[in-house]
Amino acid sequence: RRRDMEFESALVEEFIQAIGIYPTGTLVELSDGRIGVVVEQNRRRRLQPKVMVLLDAAKAPLPGTQTIDLMIESASDADVHVVNCLEPGAHGLDPDEFFL
């Protein structure tokens, strides 16, 4: 958000490419309301990681796990993307439990 205000744009871009915005193990909320944990970085699109979805839009646990690639989802009509990073323990979820 502070690109070109407090930080040089090229430096911000290099930082994103180096470590990503959503490191593996980050608990995230998706644009469709689901909650998941980042399980893998996308080397070409660091803002669109692979996410293991754990809770549905009503914040109810899913019966099994589903992993989605946000690079593919964001290219579809659904346009699913990360809207918020959550603290570990949010919604009773601890990313460390998923052996990332």
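Values below: all heavy atoms of this structure, side chains included; hydrogens, waters and symmetry mates excluded.
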ask   = So Leu54 and Val37, side chain to side chain contact (heavy atoms under 4.5 Å, CB included) or not? Walk me through it.
value = CA-CA 8 Å; Leu54 304 170; Val37 63; 4.1 Å; yes
key: side chain to side chain contact (heavy atoms under 4.5 Å, CB included) between Val28 and Val51, intermediate numbers included   = CA-CA 8 Å; Val28 294; Val51 175; 4.1 Å; yes
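The environment of CD in Glu87 is sparse: at most 12 heavy-atom neighbours from other residues, nucleotides or ligands sit within 6.0 Å.
Within the 4.5 Å cutoff, the side chain of Lys59 has heavy atoms near those of the Glu29 side chain. Side chains of Arg34 and Val80 form a contact here, defined as non-hydrogen atoms less than 4.5 Å apart. Side-chain contact between Ile68 and Val53: present, with at least one pair of heavy atoms (C-beta onward) separated by less than 4.5 Å. Residues Val82 and Leu70 form a side-chain contact, since some pair of their non-hydrogen atoms from C-beta on lies under 4.5 Å apart. At least one side-chain heavy atom of Val39 sits under 4.5 Å from a side-chain heavy atom of Thr67. The shortest distance between side-chain heavy atoms of Val83 and Leu30 does not fall below 4.5 Å.
The structure places CG of Asn84 at 5.0 Å from CG of Leu86, a figure rounded to the nearest 0.5 Å. Atom CE in Met52 sits 10.5 Å away from atom OG1 in Thr24 (nearest 0.5 Å). His91 NE2 to Leu55 CG: the interatomic distance, rounded to the nearest 0.5 Å, is 7.0 Å. Once rounded to the nearest 0.5 Å, the distance linking CE of Met71 with CD of Gln48 reads 7.0 Å.
The shortest non-hydrogen separation linking Cys85 to Thr26 is SG-CG2, 3.9 Å. Closest approach of Leu27 to Gly89, counting heavy atoms only: CD2-N, 4.4 Å. Shown here for Ile21 and Pro23, the closest heavy-atom pair between the two residues is O-CD, 3.2 Å. The nearest pair of heavy atoms linking Pro49 to Val38 is CB-CG1, 3.7 Å. Listed here is the closest heavy atom pair of Leu47 and Tyr22: O-CE1, 3.7 Å.
With hydrogens and angles ignored, the 3.5 Å screen pairs a side-chain donor or acceptor of His81 with a backbone N or O of Asp79.
Listed by chain and residue number, nothing satisfies the salt bridge (Lys or Arg N to Asp or Glu O under 4.0 Å) test with Asp94 (two or more places apart in sequence, or in another chain).
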